Each structure stands twice: as C-alpha cells, then as structure tokens.
2 protein chains.
Amino acid sequence: MDYYYAANGVSEIGANSFEWAYLLGIAGAVLALVFAFFQSRKVLKFSEGNDTVKKIAASIRAGASAYIKRQFKTVSIFYIAMFVLLVVLAIPGWVTPFIPAAFLVGGVFSQLSALIGMKIATAANSRTATAASGSLNSGLRVAFSSGTVLSFTVVGLALLDVAVWFLLLRFVFQLEAQDIAANMVMFGVGVAVFALFARVGGGIFTKAADVGADLVGKVEAGIPEDDPRNPAVIADNVGDNVGDVAGMGADLYESYIKSIQAALALGVAAFYGVGLHWEAMFLPVALAISGVIASLIGTFFIRTKENANQKDLLNTLRRGTYIAAVLAAVAAAPITFFILGSWGPYIAIVVGLAAGCAIAYFTEYYTSAHYKPTRKLAASSETGSATIIIGGIALGMKSTFAIVMIVAAAIIGSFIAAGGFGEFTMGLYGIGLAAVGMLSTLGITLAGDAYGPVADNAGGIAEMAHLGEEVRERTDALDSIGNTTAATGKGFAIGSAALSSLALLVSFISIAASRVAEYHPDRVAEYPGQFAGLNLSITNPAVLVGLFIGAVLVFVFSAMTMNSVQKAAQSIVIEVRRQFREIKGLMEGTAEADYKTCVDLCTKGALREMIMPVVLAVIAPIITGMLFGIEGMVGLIAGATVVGFAVAIFMANAGGAWDNAKKYIESGELGGKGSDNHKAAVIGDTVGDPFKDTSGPALNTLFKMLTTVSIVFVSVIAAYALWYQF
Amino acid sequence: MDYYYAANGVSEIGANSFEWAYLLGIAGAVLALVFAFFQSRKVLKFSEGNDTVKKIAASIRAGASAYIKRQFKTVSIFYIAMFVLLVVLAIPGWVTPFIPAAFLVGGVFSQLSALIGMKIATAANSRTATAASGSLNSGLRVAFSSGTVLSFTVVGLALLDVAVWFLLLRFVFQLEAQDIAANMVMFGVGVAVFALFARVGGGIFTKAADVGADLVGKVEAGIPEDDPRNPAVIADNVGDNVGDVAGMGADLYESYIKSIQAALALGVAAFYGVGLHWEAMFLPVALAISGVIASLIGTFFIRTKENANQKDLLNTLRRGTYIAAVLAAVAAAPITFFILGSWGPYIAIVVGLAAGCAIAYFTEYYTSAHYKPTRKLAASSETGSATIIIGGIALGMKSTFAIVMIVAAAIIGSFIAAGGFGEFTMGLYGIGLAAVGMLSTLGITLAGDAYGPVADNAGGIAEMAHLGEEVRERTDALDSIGNTTAATGKGFAIGSAALSSLALLVSFISIAASRVAEYHPDRVAEYPGQFAGLNLSITNPAVLVGLFIGAVLVFVFSAMTMNSVQKAAQSIVIEVRRQFREIKGLMEGTAEADYKTCVDLCTKGALREMIMPVVLAVIAPIITGMLFGIEGMVGLIAGATVVGFAVAIFMANAGGAWDNAKKYIESGELGGKGSDNHKAAVIGDTVGDPFKDTSGPALNTLFKMLTTVSIVFVSVIAAYALWYQF
C-alpha cells in the first residue's frame, strides 16, 4: 500500500515520539466531551417552567425529533448507496479499504454531534424562557451553556475521530506517514455528505416554516409573530433547531475536521524531506487541543450583571471569544516552537486566528443596526420596497470585498510566513495551519452561534405561553444578540469553509498528480514541475472550463435551494389557510391549531427538495472529471470556492442586514411598526430569509463537498478521463 | 524593436501576398460605411411628422446631444490623462510609440460610431412613430434601418481601424509579424476606456430617469408611463438613446475589434513556426469582411406584410439574423480553406457562430413571456412582491447555466477543432476564431439590438403627441419585439465579451511571459514550459488571490453602479415632486413641465457617478499586478471574467424576465393592470431596471477593461512587481 509519494520514489525516513503524541488528541477530545457533558447537566438542572411552557416545548421537541428521524432515513439510503460505491471502488484498489470505514464513522460522528446539539437546544429553549423570568443573566447562562454543549461535542468528536484513526493507521496497520496523509484527506466524505444534507434540508425546513407562517399569519390574518393561533408557529420554532443548530453544527464539524486533516497532509508534504513529518502532522492536533482549553477558559468569562442591557450582553459574549482567541494565540507560540523549532508556522497560525476575528467584526459591521450600512438600508425603505431590495443587494455585494480580502490576505500572509517564496510546500502547509488556527477556538465561537436559535425559541415560547411583558423583553434582548452572533457565525463559517476547502484542494492536487503520473507517465515529461503530469495553468482550456462550471454550479445550486423554499412554503400557506378556514374557534383562541400537520409538511418538503441539490453536488465533479480530467476538477473546485465564497457572503450579509433593518424600524425608528417603511422592510426581510438561512449557508457545504467527492474519485478520473485519452 | 518572440530567439521567416490582403479590409470597411450612409439617407427621407412630434423629438435630441457633449468633456479629461500616461510609458520603451497614437484613434472611432448611432436613433424615433401611423411595416423599416446605421458604422470603423494600422505598421514602419501582433493587442485601450464610460454613464442616466419618472409619476401621481405631464419623461426617452444605443454601440465596437486583434495575435503565435503567419493574421479580417456582406444580405430579408402581428415581426427579425449566420458559415468554408488549407479552424469559426445563435435562443427562452420561466415568474406575483423578487433572482441564476455552458462548450470545441491536444497554440487560435465567428455578423445582430430603443422612443412620442390608439398599438408591438431583441442582444454582448476577453487574455499572457523572461531570467528555469517564467498554476497563491480579487471586483462594481442609479434617481424624484408642487397647471395640462432640468440632473448624476467605477477598473489590475505580478493579474482577469460573465447573465436575464412578467400581466393575464399582482410585478421590474440596464451590461466592459489595462502595463509590472522581488 504505497499511495501518495511512492510514485516519486521517496521512502520512509524515520519515526519518533510525535507519533505517540496523538494520544494527547484523545485526551483533548475526552476533555471537550466531559465539559460538554457537565454543561448539559447544568442546563438540565434548570426548571423547565409551568405546564404551558412544558407542553409547547414538548411539541417543538417532538417536531424536531420527527424531522431528524425522517431525515436520517432519507440520508441513510444515500449513505448506503455511497458506502456500496466506496466498497466497489475499494475492490480494485481505487481507494483504500479504510475509506468506506472512515466514511461510516465520520457520518455517524457528525450526525451524533448534530443530534446532541439539537437535543440540548430543544431542552434549553423552555429553560431559557423560564430562567429569563428570574433574571437576564440566568437566561443568558442557560442559552449559552446549551450552545457550548453543541460546540464542545463537535470539537470533541472530531478530535477523537482524527486521533483514533491516526493511531489505528500508524500502530495497527503500520502505515507510513504519506499513506496516513493520503487516507486522512479522503476521510471527510461521510462528514461532507451529512453536512450538505443537514444544511440544505434544515435550511429549507426552517425557511419554509418561517415564510409560510409569515405570509398567512402576519400578512393575511394580521396576528403577531409566534402567536399560538398560527398553525405554523411550532414548525417555525422546530426550524430554528433543525436549521440553525443541527445544520450549523454539521457544517462546522466538517470545516473543523477537514482543516486538521488537510493541514496534517500538507505537513507531510512539506516536512518529509527534512524528517520532521511526524512533528508537522501533530502540530494541527496540538493546536486543536490548546484551542479546546482556551475556549473552555473563555466560557467562564461569559456572565453579566443582573441589570445588564443589550450592549452589556453583546460585550460579554465578545469578551469570552476574544479572551479565548488571545489565549490560543499565546499558547500556540511555545507549542509551535517546541514541535517544529521555527517561527514561520506560528505566524501562519496567528494570521488565521486574526482573520477569524476580522471576519466576525466586518460581518457585524455590515449587518448590525448599530452601524451605518444597515441604518442607511433601513432609510432606503422611505422610497418603497424596490429601493430597499436594491439597497440590500448592493450592501451584500459590497460587503464581500472586506471579507474576501481578509481571507485572501490570510492565504498570502500564511503562505509567505510559513514558507516564503523559496519553500512552496511549506507555504502551503502555512495555509493549512491558518485554517486550523481560525477554527481552533471553535469551542467558543460555535457556542455563541448555537446560542442564537435557543434564545429565539425561548422568545417564541415566552410569547406562546404568555409569560408576561417583562420576560418577553428579556428574551427579546437575548434574541436580538443572537441575531448578531448568528450573522457573525455565518461569516466565520463561510470564511473557514473557504480556507479549509482550499487547503484540502492542495492536498487533492498532490494526490492527483501522483495518480496521473502513474496512469499516464507520458504526461510527466510534458508537464514537469511542482505537480508533474498536471497542467494546472489557467490557460489550459480544461481548467478554464472547470472554472466556468464551478461558477455556474454556485448559481444553479442557489437558485434550486431558493425555489425549494418557495415550493415548500407554498404548501404551508395552503395548509395554514385551510386550518384558519376549517378549524372553528381557532382565531378566537377556543380551539387549538393542528401544529403537527405543518411540521409534517415542512419535513416532507425539506426532505423532497434536498435530494436534487445534493445529487448535483455529487455528480457535477464526477462528470466534469470524466470529461476534463483532474484539471477540470481543479478548475471546478477553484471556481466554485471563489464564487461560492463571494455569493455566500453576499447572501448572508444582505439577508442579515434586511432582517436587522426591519428590527431597527420595529424598534420605533423611521415610522415604526405598521408604517409603510415597515411594510417595505418586511418584504426585504422575506427576500433575505432564503438568502441568509438556506442558499447562503448551504454554499459552504457545497464547495467542501465538491473537493471531497473529487478526492475520492481521483484514481478513477486519473485513469479514465476522456481528456487523457487523446 | 523586437517585442514578443524575440526573447525566444525566433526571427522573421518570410512574407507573402497575404500582407497585402489587408487592403481588402479597407474595402470591406468602405462597403459597410457606404451601406450605413445609404441607410441613414433612407431613414431621413421619411417624414418626421406633425409639429408636436417634431417638438418632442427635438427635445429628446437636444437632451441626448447635451449629455453626449458633457460626457465627452468628462471623458476627455480622463483621455488626456491616459494619453499622457501612455506617452510617459513610451519614453523608456515600456510601450511602443504606436500605443498612444492608437489609443487616440481607437477612442475617436469608438466615440464616432456611438455618436452617429445616437444621431440617427434620435432622428428615427419620430419618423418611426409617424411611419407607424401609415403601417406597421413602414414603422419596422424605419426603426430597423436606423439600427443598421449604428451596426454598420461600428463594423466599418472597426475594420478600417484594424486594416489601416496593419498596413501602416507593416509597410510604413516595416514591423515583423510578431511586433505587429504585440502592438495590435495593446491598441484596444482607447476603445475600452470609452466603452466603459459609455456603458456606465449611459446605464446610470437611463435608469435614473426611468426609475425616477416611475416612482413619482406612476406610483405617486398616478399618471401613465410616457405622460407628457411627467417632467422626467423626456429624460427617460433620452436615456434610451444614450444608454441602449450609444452604450451598446461602444460596448460591441470594443468586443468586435478586440476579437479581431486577439485572433490575429494568436494566429501569429500558432502559425509562425510553419510560415503561415500572414495567412493566419488575415483570416480574422477575411471573416469580418464576409460577415459584412452576409449581414448586408440578411437585412434585405427583414420586411413584413402590412397586417403582420407581433409574432410575424419577431419572425422576420429572426429570419434576417439566421440567414446572415448561415451565409457567413457557408462563406467561411472556402475562405478558411483557401487561406489556411485546413478544416480545423473552419470548425472553430462555425462553433463560434452557432454559440452566438444558441445564446440568443436561450436568452429569449428565459426572458420572453412566450416561454414557461417568465410565465411562472409572473404567476409567483400571486403571493406578493417578495416571492416575485426571489423567483426572479432564482430564474436569473438558473439561466446562467445554459449560457455559460454554451460559451464553455465553444471554448473547448474551438480549441479541440483547431488544434486538438497536440497543438496547444493552434487550439488557442481556434478560441480566437470562435470569438470572431460569433461577432462576424454583428452588422445584423447589433442592428436588431439598436432597433429596440428607437421603437421604445417611438412609442413614447406616439403617447406624448396623442397620435391615436391605433398608432400606439403598432408602436407597442414594435416596442415589445424590441424588448426581446434587446434581451437577446445583451446575452450576445455578454457572451462575445467573455470570449474575446479570454482570447485577449491568452495574448496578454504570451506577451507577459516574454517580458518576465527578459527582466527575471532566473524564473524561466524555475517555471519552464508553455509560458516560461510564469507560474500560472491555480495552486500559486498569487493566481488564487487574483481570482478572489477578480470575483470581488465584480460584486463591488455591481454594487457601486446600483447605488449610483439609486442616488441619481433620488435627485430626479425630488425635482419631479418640486415641479408638480410649484408649476401651476402642470397636472391639468395647461402648463408645460420643465423637461430640461430633469435631463440636466440625469446628466450630472451620471457623469458624477461614472467616475469611481471606471477608476476602480483601471487601478485594480495595476495594484494587483504591482503586488502579485503577472500571475496575480491573470488570476484577476480570469476571476473577473468568469464571475462577471455569470453575474452579468444573471442580472440581464432576471431583469428581462421581470420586465416581461410585468408586461405579461399588463396584457390582461393574472388580474391585469392595477391588480395586486401587477403591483408586485412593478416592484420586480423596478428592481430589475438597474440589473439589466446598468450593472449587468457594464460588467462586459469591466472585464474587457481589466485585460486591456493589464496588457498596457505588462512591462512595468514584469519589471517592478513586488512578487518578483523575493
């Protein structure tokens, strides 16, 4: 089994104690999981509240569980098909036998973390509402603690997955470093499939429910948001959990584990020649472990005084995040120097961490009503809905500049810091480390993110259970901060996805080069250099056409998911209208709505509509590869990453800004609730809903998926692509 | 003076009679110009109509002339600055002394053709309205003939420019083939600057007037479109001429001439080794000449029976276009075989022609209410403006697939046909020929396009001059077809811009490689192969960052132009409101509106707002180049072309579909005029206005400009880029 470098005639140089250091990875994973366990105990200790609250929470929980179960069934069929395909690929040796096994483990771990996150979120929503009856601080602590359960479960399971596989491959199967690396970068396929399904399905569910509930409830029947008379209100709350908790968790599980796998593989390529490859492979895991500890410490700084206002709340969340980032940056210095003995890689890591913070800042700048862009957007409602739509699109497009440039600067900065111009492979390792650095404090950044939907749910429950003005005000404050953390979380998810996708792309290319060299040795002479056998020049029509296909794929995928939301929302509209018409006493509050049917419709709609986008993401790279070879695939991935990154930022920020512009008007500015300006802003918000919660976030998982599929099919493509037959 | 290939040690191989064949280019140019002259005589022979018509037409003419004069002043400052810069670059030999001279000639020719096109359009609008009082066929003939004046002027002047420069460089300055090629690809800078200004300025003007007139006139005051009481109505009609005639003309002048220049340069690179370079250089011009003749014949087939309906009208326009395309395809066979003696290049040409027709078809499919997508979009107005907005965005995004894939197929098809896999440079020449093929029948395709705004104006004049129900119906029929031809024209303009920009990019790279080799000979050993000295691999962080910058540039540029329309429209809204308030008797029809002030405001707004986007387009590649070298520039151009192409298609088709969905409802479907559905559709159309007429079309000129600026600065960048200093 001599994948990867064997083709270049390099053989094993030597081993050392850093191979065993991976045991520390298991220790880090256990630490994260134990912390998640205690946090969940802490959350569950809080009182669930009165019977009405309990009943509402039970409905949400039941809806979410029902969705996840049925999603699991649909996904299972796909999983089994993929598993069989991988086994078939393994028989002639196109992939190693480890790949189908890792596929299963990755998929299960990813699903498990999403499931645990959702379970705790649907337990914490009622507890947050009830705790907020006592004080704002208690509400914050319940909601945030539930966020840490998701985030530390994600981090813990991902670390466990990587560490155990490393130890197995090294000490049980006795693979060499290069073979471990080549296997590791293929391990992400199960994770990718689940993340894509969770993001697309969850995104469609949540927005179908939201848009459907708003169109009939708010607009037609004139009842307020979260009113228990609206039959889609439970579905709307379920949507927050399956979309923003489970979907987000699966998405970041993938980015996190892939950043480690890619960095590890790039480390072997960079340091094999100097015999430091075990060290270079361990560094990403060491950073992840120190990130767990830094995040853990950071969470202790998240508490606020009892009479805190919204600004205090936001500040305490920010404080925790920044403390964790600074701790991680400080700790990385001795760790990196001890392991690799040089400062270059350290700077690359700090560049990644700093880029993460900068992305969060700029996302907030563009989407929060505390800053000029969103306030100007709100003011553009004065001339009607057309101008606020154009204004939001322009705002979203403009916002791509800062965030894409931050990532571009991180790429260049980490490349130069780690390798300079002379050491190309070390520079690439630097890019990989930047991605790990950006994601190392995921324990706290994802918690802030997952806190949002819990607070949102708590607000809904407070409204439905009539918990009183004061409680609703507190949950509103919690929710409003949740909107900001959700927006910055999205920026962060997109940025880290782009960075880890590019790191993985480089690993893919080096594997692909060795495969092409094996099957078409004549091409090596024709295209010598870094990745011999491949002509990755942008002037190669295969690369160029790949770029075009990648770009178009992003637009088609976005269009499909937007249309899916419309279709699924339409079925909710019809059902809610039916219930209003047929259930006597519903509007008067004497009869109860049939919430379950709406949940069912969203579930069916989401599951039906998620198939096609996922299929597209899987077959597009295979078809492109079969026609235009590895070069076409590389063009496709690069095109989809560059375009998908920009479009995802555009959509997330336009949607976030519309949402907050509406909330800004609702706070009494520019005419307040019910004014013409407000009506225009509501239209903006409705357009923004599928932008920010369906299509935009799903794009992250799209371009990561394209890379993963390409890696798995690399041997088949290298051998049989039409492009290589002439 | 040994540019281009001198670095590779190749010297002149021999000359032949094909050098003299360029005289035929002058003959072709004269033929086109004479035809344009006679067509303009024909148009002017028609009666202008009654005094009211004459007065209205005079106002439009005066407004358009005033705008063009002031645009000329603004552009002149920029021109002089650019000219001085080019002279400065010429002194140390960074560019040849021909470049500043060609810059002036190109700019003047491009302005001249736009000016002539606008003059005849503003003379033909009243004549079309008056002729339509007689019969539909007469109206069609006047409007279409005026379109041919623009199109044949564009084609004639462009051919003249290329042919005269070739003969000058060859026989007066006695340059070798490679030096002629290297000069020629730099000649486009004057054309590019004017096209960018004309598209951006004209696009802002036309939509500021349109949106401003609609927001106050239609929405607030409740008066119909083109009502003479609306003070912005003349500005709106002026906008059609400066945006859709002058802007479109300048844009396609650039694509046309650049496709010839790029193909000619690629021809030298491909055929120098076999001594057929003069032949290969002449072929694009020969195709252009036969295209002129084919287009000329095609125009004679555009006539319809007196009782023609809308479908007949569309069919006659299509018939003319397809006949020209078939004639051009047939003629290209003997021409290509006679000149080059092989069939490969011929197939590449036909691929380009076929791709042009396919783009036109799919654009129509996505934007015409005769097909399903636009009808479904119209139906989505049932659930309000938010859903029609989301639906339009999804439709536009989806439509990118077909059109981008056609261009991708054309790239691959022409590459393989002309060169196969063994002959890389011949394949690239094939891509250049495909671009020339697509544009060869511009004489008729652009005429169909320029016909639209004339018919639109005629409708406005008929309304304002109260020419009666019957006339208005006929002009409406003409206008409606104009919308379709304008939409297909936009698709065609974008597709051809992408193709000719890519052909030019390849020429740029080969010049750049020789410059880098000259200044940094050490890099040649490091990066051998096709373009020695350059590392154009997509894994090179400079290329990757360039891709990111290019992608973001498209979004920022789109956002800027959209915001510009909003700002300029806002000033119109305030002015129109003021006139309604202050001019007594205006609403009653006893006093006349002050049209001139609105025209002035649009002019000022457009000129003020067009500066920044143009500056951005000029400095972005220079800054990127100075930081990341030629590789960064190549990434930038590729990124901007791929993304800009997709976004331009998305915007043009979303806008076109919204417009036609609105018209479809106005025709009495889905509740008709005044219904809630109609109101939702009007909002969609207003969002689409800057999409389809400002930002989208301006993107074509953006990515062509990036390539052109890069080529001019190639020597400076090669010598001084920071990226090469380490």
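Residue numbers start from 1 in every chain, and the chains themselves are labelled A, B, ... in the order their sequence lines are given, proteins ahead of strands. No hydrogens, no waters, no symmetry mates; every other heavy atom, side chains included, goes into these values. What you see is a predicted model, and the numbers here were worked out from it, not measured in a lab.
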Hey, what do you get for [atom1] ([X]) to [atom2] ([Y]), rounding to the nearest 0.5 Å?
{"X": "A:Met397", "Y": "B:Thr561", "atom1": "CE", "atom2": "OG1", "value": "9.0 Å"}
{"X": "A:Ser537", "Y": "B:Ile509", "atom1": "OG", "atom2": "CD1", "value": "6.0 Å"}
{"X": "B:Lys679", "Y": "A:Ser385", "atom1": "NZ", "atom2": "OG", "value": "12.0 Å"}
{"X": "B:Ser558", "Y": "A:Lys398", "atom1": "OG", "atom2": "NZ", "value": "11.5 Å"}
{"X": "A:Phe555", "Y": "B:Phe650", "atom1": "CZ", "atom2": "CZ", "value": "7.0 Å"}

Side chain / backbone / both / neither for [X] at chain A, heavy atoms under 4.5 Å:
{"X": "B:Ile538", "value": "both"}
{"X": "B:Glu631", "value": "neither"}
{"X": "B:Ile411", "value": "side chain"}
{"X": "B:Pro541", "value": "both"}
{"X": "B:Ile649", "value": "neither"}
{"X": "B:Leu502", "value": "side chain"}

Please test B:Phe628 against A:Ile412 for side-chain contact (heavy atoms from CB on, under 4.5 Å), starting from the C-alpha separation and ending with a verdict. CA-CA 10 Å; B:Phe628 304 111; A:Ile412 286 286; 3.6 Å; yes

Do you know which of [options] has the most heavy-atom pairs under 4.5 Å to chain B?
{"options": "A:Val543, A:Val643, A:Val573, A:Ile393", "value": "A:Ile393"}
{"options": "A:Leu547, A:Ile403, A:Leu395", "value": "A:Leu547"}
{"options": "A:Val404, A:Thr539, A:Val556", "value": "A:Thr539"}
{"options": "A:Gly639, A:Ala409, A:Ala559", "value": "A:Ala559"}

Test item: A:Gln566 side-chain N/O and B:Ile390 main-chain N/O as donor-acceptor pair under 3.5 Å: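 Not at all, since once roles are kept as given, no pair shorter than 3.5 Å links the two residues.
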
Stepwise, does the side-chain contact (heavy atoms from CB on, under 4.5 Å) test hold for A:Phe415 with B:Val545? CA-CA 11 Å; A:Phe415 176 80; B:Val545 168; over 6 Å; no

Describe, in one word, how the ring planes of B:Phe645 and A:Phe548 are oriented to each other, choosing from parallel (under 30°), tilted (30 to 60°) and perpendicular (over 60°). perpendicular

